[in-house]
Amino acid sequence: DFHVCDPFTLNMLSFQRQSFKGSRQLYKCGTRSIMSNPALNLSPPFRNPAIVPLGVNFVDDELRSCLVERGVDVDEVERLYYHQCQNDAELNHSRLPSSYESKLWGFIYGQKLVAAKHQLDTLREDEEFLRNHLTQTVEELTRRMSRYYPGLDYKAQIAALRKKESLQRTDAEYVESYNAALAEIVSNDAQRFVSNVFANNAFIPSQLADEDQGDKYGDYLPQAVETELISNYAFEWDFNSNLTANFEAYFTRMSRLENVLAPKLDSLSKNLRKNFADFLLARFASNSLDDVRYVVETIEAATKCVVNAKAESLNTQDLVKDCLTLLDEMASSGLFMSKLFFGGGDNVVEQQLSNKSSEELVSVLSTVDNQRLVLINKALQIYEYLKYNSMTRLFLSCLLTEYSEYFGQFMGECGDDNLSKFEEANNDVLDEVVAFQANYYENQEDLVASFSALLKSIQSVVGDQVNVSDALDLSRFDAPPCFVAGIFESNLKVAREQGNVLDEIKYLTYLNYVTSFASKVPGLQLVLFLMNPARNGIEGASLKNLAFQFATDASAANEVLFGQIVDCMKRNALLSGDKVNTFKPELQAAVQNEVDNFRNICVQFNNSRDNLEESIQKITLNFQSVNFDHAKSIYDPLNIHLAQFKYYDKR
């Protein structure tokens, strides 16, 4: 069960899963977030290759290009896939629920109905040949659901799927990362890929496949697998419906999870609240409004009691007045207001906003773009909420909404057992993480103070002709390896050792994406900022890089630091000919005591960072034996022929 860091290090990521196929005729309708498995929706609804329409491409053009680059014969992969379908049809039927009375049948029929109805509602012109088949399927399954499973709200599932697809965004960078991962795994062993991803019953763990000694021929699902599927399906359907009678049970389990996490996170709440507010302000200052929008929309989707939607209906002046009311005393800071409303650090704007009456501020701020004003208003509402309410509860609400499939293991019928496993596995680890994070914050303050003292000493030597802070570019210091990428790399290694193809796809996709495009993932940037907040106007990532190089290669770090100062003085003709070659060692010698002290603090800071990152990697989050995403994508025991759906047949 080596599954770590699935929502805690990437808890706000908004990845979208891409289909292996390039045409909807070949995969089940409906998409989900990439929370558990990028290799989702890979299975076609029609298992028999004889009825797959001619002319349908097996893979899309982008994936085909990646496969061809690696020398993969795509036609051979397609042949392996069709051969697997034929073997399944003849020799490897889908294992059935334990009896006709099993609750799982309701979800099987319901999922089929939801997929068919959604595809029918969104048919393209080239899919018109499917209309009659889908119409009859929907009619038959609707009657079956209404008679035998009236408690399952399939209409809510259809509406939820429609809404999710309407909000789905294409992420070109993610598609690139996913295709590269998929192409690498297919090129390594195409047969292994096909059989582990597409084969009937491939989602059943090998250790559970033969647990029932009475099921000699493997006709039925293992009881543990069936129970877990029912638990996950029940939570997923309840999550999208207002008709559930299980709300109290879900609330009890959510409260139990909150009680486990709250004592840990609340001890850091003061720092986390401040860092969260600083993150939003920094994004407004840099005009990175997409990051702010991501945070706001995530919280709006999770709960209706934090952000009031009235901001969007107010006229500009009333919106500005409401923002000023929320700002209260903060509105008196011209610098703060300039960053928040206009971005950047324009001194002219700052002066225009300083020492102004409320009426004058309203007049000036009414020129700001309305969309920015709405984001400011909502961000201030979130900040106001966090001043008086639990950050842990809001954090969990966002995770539950964003990653409902993952939380099914804690919220469903198996939730109590999994919550006990979670607490047992992580209680001490979370205490360790919190302690190391608190220590890291303290060491960061020491680091900033020591660095300021060093710069002050250097300034006293070089004089007022050069501003030392302006001369330094802290991005030139080497960065430590990304610990999030390190977690994915570690998990990828374990997945390969265990022969888990789906986890290989998942972690290799994550690794490719984070390695190449980390700056474009708002959720990841938020998590890293909370861990490494800005201090005294210096970005947390820059402080981390500075400390890392001084701790691991002081000689190179000194060269970068003092080299930039000397180069600045040269550019400004502040060094005479005889001083050009001797000034750098003289400057370094003059402040050597401060340099030595700063390096010692860098070592402490870097060690605390290592301790924190290593402790995070110990968190265990997956307690399921079945990959529910994989099961949903390939488990379909229903025959495609309409006669099997008839109202008068056995269930």
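Positions are given from 1, in the same order as the sequence printed here.
Using a distance-only test at 3.5 Å, with no hydrogens or angles considered, no donor-acceptor pair links the side chain of N426 to the main chain of V429. Formation of a donor-acceptor pair under 3.5 Å by the T401 side chain with backbone atoms of C398 is not found in this model. Side-chain N or O atoms of N427 include none that pairs as donor or acceptor with a backbone N or O of E423 at under 3.5 Å. Between the side chain of S490 and the main chain of G486, no donor-acceptor pair closer than 3.5 Å is present. The backbone N or O of V364 sits nowhere less than 3.5 Å from a side-chain atom of Q352 that would complete a donor-acceptor pair. No donor-acceptor pair under 3.5 Å is formed between the side chain of D503 and the backbone N or O of N491. A distance-only check finds no donor-acceptor pair linking the side chain of Q564 to the backbone of L474 [under 3.5 Å]. Side chain of S269 to backbone of D266: a donor-acceptor contact under 3.5 angstrom is found. A side-chain donor-acceptor contact under 3.5 Å links Q459 to the backbone of V468. A donor-acceptor contact shorter than 3.5 Å is absent between the side chain of S338 and the backbone of G334.
Distance check, rounded to the nearest 0.5 Å: CG of L621 to CZ of F407 gives 8.5 Å. Distance OH/Y507 to CG/L511: 12.0 Å, rounded to 0.5 Å. The distance from atom CD1 of I616 to atom CD of Q437, rounded to the nearest 0.5 Å, is 7.0 Å. With rounding to the nearest 0.5 Å, the separation of CG in L526 from CG in L280 is 8.0 Å. Q444 contributes atom CD, which lies 10.0 Å from atom CG of D446 (distance to the nearest 0.5 angstrom). Summarising the geometry, atom CE belonging to M569 is positioned 12.5 Å from atom NZ belonging to K584; distances are rounded to the nearest 0.5 Å.
V514 has its side chain out of reach of V521: every pair of non-hydrogen atoms, C-beta onward, lies at least 4.5 Å apart. Between L365 and L324, some side-chain heavy-atom pair lies under the 4.5 Å cut-off. Side-chain contact between L326 and Y383: absent, with no pair of heavy atoms (C-beta onward) separated by less than 4.5 Å. Side chains of D553 and D478 form no contact here, defined as non-hydrogen atoms less than 4.5 Å apart. Here the side chains of L353 and F336 are not in contact, with every heavy-atom distance at 4.5 Å or above. With contacts defined as side-chain heavy-atom distances shorter than 4.5 Å, the pair S390/E258 qualifies. Between Y174 and T509 there is a side-chain heavy-atom pair separated by less than 4.5 Å. Under the 4.5 Å side-chain criterion, counting only non-hydrogen atoms from C-beta, N443 is not in contact with R609.
The list of ring-ring contact (aromatic ring centres under 6.0 Å, His included) pairs with a residue in residues 545-570, not counting sequence neighbours, reads F550-F598.
Atom CZ of F517 sits in a crowded spot, with more than 12 heavy atoms from other residues, nucleotides or ligands closer than 6.0 Å. A 6.0 Å sphere centred on CD of Q465 holds no more than 12 heavy atoms belonging to other residues, nucleotides or ligands. Residue Q371 qualifies as open at atom CD: its count of foreign heavy atoms under 6.0 Å is 12 or below. Shown here is D473, whose CG atom has more than 12 heavy atoms of other residues, nucleotides or ligands within 6.0 Å.
A search for salt bridge (Lys or Arg N to Asp or Glu O under 4.0 Å) contacts involving E173 returns K520, not counting sequence neighbours. Judged as a ring-ring contact (aromatic ring centres under 6.0 Å, His included), and not counting sequence neighbours, F583 has no contacts. Remark: S286 pairs with S288 by the side-chain hydrogen bond (donor to acceptor under 3.5 Å, both in side chains) rule, at least two apart or across chains. Residues forming a side-chain hydrogen bond (donor to acceptor under 3.5 Å, both in side chains) with N532 (at least two apart in sequence, or on another chain): Y440. Applying the salt bridge (Lys or Arg N to Asp or Glu O under 4.0 Å) rule to D290 yields the partners R293; only residues at least two apart in sequence or on another chain are considered. Residues that satisfy the side-chain hydrogen bond (donor to acceptor under 3.5 Å, both in side chains) test with D291, not counting sequence neighbours, are R283. In this structure R599 satisfies the salt bridge (Lys or Arg N to Asp or Glu O under 4.0 Å) test with no other residue, sequence neighbours excluded. The side-chain hydrogen bond (donor to acceptor under 3.5 Å, both in side chains) search around K270 returns none, not counting sequence neighbours. S457 pairs by the side chain to side chain contact (heavy atoms under 4.5 Å, CB included) definition with V591, E594, not counting sequence neighbours. Evaluation of the salt bridge (Lys or Arg N to Asp or Glu O under 4.0 Å) rule for E62 yields no partner, not counting sequence neighbours.
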If you look only at distance, which donor and acceptor atoms sit under 3.5 Å apart when one is on a side chain in residues 372-381 and the other is two or more places apart or in another chain?
from	atom 1	to	atom 2	distance (Å)
R372	NE	L340	O	3.2
R372	NE	F341	O	2.9
R372	NH1	N287	OD1	2.7
R372	NH2	F284	O	2.8
R372	NH2	K339	O	3.3
R372	NH2	L340	O	3.0
N377	OD1	Q381	NE2	2.7
N377	ND2	D322	OD2	2.8
K378	NZ	E300	OE2	2.8
K378	NZ	E312	OE2	2.7
Q381	OE1	N308	N	2.6
Q381	NE2	N308	O	3.4

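Between the side chains of S608 and N439, not a single donor N or O lies within less than 3.5 Å of an accepting N or O. N606 and T552 share no donor-acceptor pair across their side chains, judged by distance under 3.5 Å alone.
A salt bridge does not link K544 to E539: none of the charged nitrogens lies less than 4.0 Å from a carboxylate oxygen.
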**OP:** Show your reasoning for whether side-chain hydrogen bond (donor to acceptor under 3.5 Å, both in side chains) applies to N545 and S475.
**Re:** CA-CA 8 Å; N545 299 348; S475 66; over 6 Å; no

Yes or no on side chain to side chain contact (heavy atoms under 4.5 Å, CB included) for I601 and F451, after CA distance, side-chain angles and deciding distance? CA-CA 9 Å; I601 291 178; F451 187 54; over 6 Å; no

Step by step, would you call Q604 with N600 a side-chain hydrogen bond (donor to acceptor under 3.5 Å, both in side chains)? CA-CA 7 Å; Q604 294 177 9; N600 290 335; over 6 Å; no

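F488 and Y510 have tilted rings, their planes meeting at an angle from 30° to 60° on a 0 to 90° scale.
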